[in-house]
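We're numbering straight along the sequence, starting at 1. As the structure is a prediction and not an experimental result, all values here were calculated from the model.
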Amino acid sequence: MSRRNITQVSDFILMGLTDSEEIRLVLFTLFLPIYLITVLGNVGMILIIRLEPQLHTPMYFFLSHLSFLDLSYSSVITPKTLDNLLTSSKYISYLNCFMQLYFFVFLGATECVLLSCMAYDRYAALCSPLRYPVVMSTRRCCSLIFGSYLIGFIDTSVSVPCMSRLHFCNPNEIYHFYCDGRAILPLSCTDTHDIEIIIFIFAGSTLLVSLITISVSYLAILSTILKITSTSGKRKAFSTCASHLLAVTIFYGTMIFTYLKPSKSYSLGKVQVASVFILLSSPC
């Protein structure tokens, strides 16, 4: 602690993925078209769902919000990442860094809950098809969406303000390509143990409750599908859940691998790879 400059920092340096100019150029040419495809794909998805009356169903209602979250998530991180890859300036102000972290946590927590709501929707559609219009009424769908955003807001309003009140000292180098909480905490001059516990409890609770909801929903769905006698009926039932299961596997797998691990087992290289995977696999 005594070796560190105790001056409060006013900005951070995003060290990025690599120092090699050639590799940065290759990554820029890779990330830019993927980002544009993500933006166009998600915007197109939202417009199609809004404009096509036949798609005004609970499933597509949730899907439109999932597209919005993925679009927002990519737009919070990718533009600054592209700028850092293309230019030599890696600085990000203290305020902008925590704004990026705030929206990153908010969107991630909201998507976590939204995916569990989508699992419940699939459960209602396959296990109670006759009661589905009543169970997934417009009012209930709006309540589930509101609850998803509310939980994301609560998680963010607890964890990010706690981190922003920490004192950060030089060196102010964040060894990541965006302002990630696990990369920012080691820069603090003050003890972060209590804050790490708070973040773990809130993030872990959101993930755990969502995973339980998804697991119970899909166990019920599986039980219902196994009772279907026709092969075509089983195939059709599985096809309605396949894309959601893929999104759940990618999202929860990378989030658990990246964030629900003790600090001692934190590996920068593995976390960066997982973060790039999340960034590039946002569904569109």
Between [Y] and [X], is there a side-chain heavy-atom distance shorter than 4.5 Å?
X      : Y      : result
Pro161 : Phe98  : no
Tyr102 : Ser164 : no
Val113 : Ser116 : yes
Ser74  : Val39  : no
Tyr35  : Ser75  : yes
Thr38  : Leu71  : no
Leu115 : Tyr252 : yes
Ser159 : Leu101 : no

| said: Before you tell me yes or no, could you show the steps for Ile13 and Ile174 under side chain to side chain contact (heavy atoms under 4.5 Å, CB included), namely the whole-Å CA-CA distance, both residues' side-chain angles and the distance that decides it to 0.1 Å? | reply: CA-CA 6 Å; Ile13 303 174; Ile174 298 176; over 6 Å; no
Show the nearest heavy-atom pair for residues [X] and [Y], with the distance to one decimal.
X      : Y      : result
Asn172 : Asp11  : ND2-O, 2.9 Å
Ile195 : Met163 : CG2-CG, 4.0 Å
Val76  : Gln100 : O-NE2, 3.2 Å
Arg24  : Leu85  : NE-O, 3.4 Å
Asp121 : Pro58  : OD1-CB, 3.5 Å
Cys189 : Phe168 : SG-C, 3.8 Å

| request: Determine, step by step, whether Ser223 and Lys227 satisfy the side chain to side chain contact (heavy atoms under 4.5 Å, CB included) criterion, reporting the C-alpha distance in whole Å, the side-chain angles of both residues, the deciding distance to 0.1 Å, and the verdict. | output: CA-CA 7 Å; Ser223 176; Lys227 294 176 183 177; 3.9 Å; yes
Interatomic spacing from [atom1] in [X] to [atom2] in [Y] - rounded to 0.5 Å:
X      : Y      : atom1 : atom2 : value
Met118 : Glu111 : CE    : CD    : 9.5 Å
Thr78  : Leu32  : OG1   : CG    : 10.0 Å
Arg122 : Cys127 : CZ    : SG    : 10.5 Å
Thr81  : Phe31  : OG1   : CZ    : 7.5 Å
Ser148 : Leu69  : OG    : CG    : 8.5 Å
Phe251 : Asp70  : CZ    : CG    : 8.5 Å

Are [X] and [Y] connected in the hydrophobic side-chain network, where two residues link if heavy atoms are under 4.5 Å apart?
X      : Y      : answer
Ile92  : Leu95  : yes
Leu207 : Phe153 : yes
Ile77  : Leu36  : yes
Leu30  : Phe28  : yes
Ile151 : Val209 : no

| Is there a ring-ring contact (aromatic ring centres under 6.0 Å, His included) between Tyr73 and Phe104 once you walk through the steps? | CA-CA 6 Å; Tyr73 178 85; Phe104 171 77; 5.5 Å; yes
State whether the side chain of [X] and the backbone N or O of [Y] hold a donor-acceptor pair below 3.5 Å, judged by distance alone.
X      : Y      : value
Ser67  : Asn42  : no
Thr110 : Leu107 : no
Thr29  : Leu25  : yes

Decide if atom [atom1] of [X] counts as having more than 12 heavy atoms of other residues, nucleotides or ligands within a radius under 6.0 Å.
X      : atom1 : answer
Lys234 : NZ    : yes
Gln54  : CD    : no
Met15  : CE    : yes
Phe103 : CZ    : no
Phe68  : CZ    : no

| message | Which residue in the set Thr192, Leu185, Asp191, Ile184 passes side chain to side chain contact (heavy atoms under 4.5 Å, CB included) when paired with Ser188? | response |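 Per the side chain to side chain contact (heavy atoms under 4.5 Å, CB included) rule, the option paired with Ser188 is Thr192, out of Thr192, Leu185, Asp191, Ile184.
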| query | Which is it for Asp83 and Lys80 under the side chain to side chain contact (heavy atoms under 4.5 Å, CB included) test, yes or no, and what are the steps along the way? | reply | CA-CA 5 Å; Asp83 178 63; Lys80 181 60 179 176; 3.8 Å; yes
| Pair His56 + Tyr60: ring centers closer than 6.0 Å |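 That pair fails the under 6.0 Å test.
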| said: We want to know whether Ser128 and Tyr123 form a side-chain donor-acceptor pair, criterion being a heavy-atom distance below 3.5 angstrom. | reply: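 No donor-acceptor contact under 3.5 Å links the two side chains.
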| said: Ring-plane angle category for Phe12 and Tyr94, please: parallel below 30°, perpendicular beyond 60°, tilted otherwise. | reply: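 It falls in the parallel class, under 30°.
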| query | Could you go step by step and tell me if Ile145 and Cys117 meet the side chain to side chain contact (heavy atoms under 4.5 Å, CB included) rule? | reply | CA-CA 8 Å; Ile145 289 294; Cys117 294; over 6 Å; no
| field | ring-ring contact (aromatic ring centres under 6.0 Å, His included) evaluation trace for Tyr218 with His244 | value | CA-CA 11 Å; Tyr218 272 103; His244 179 257; 5.7 Å; yes
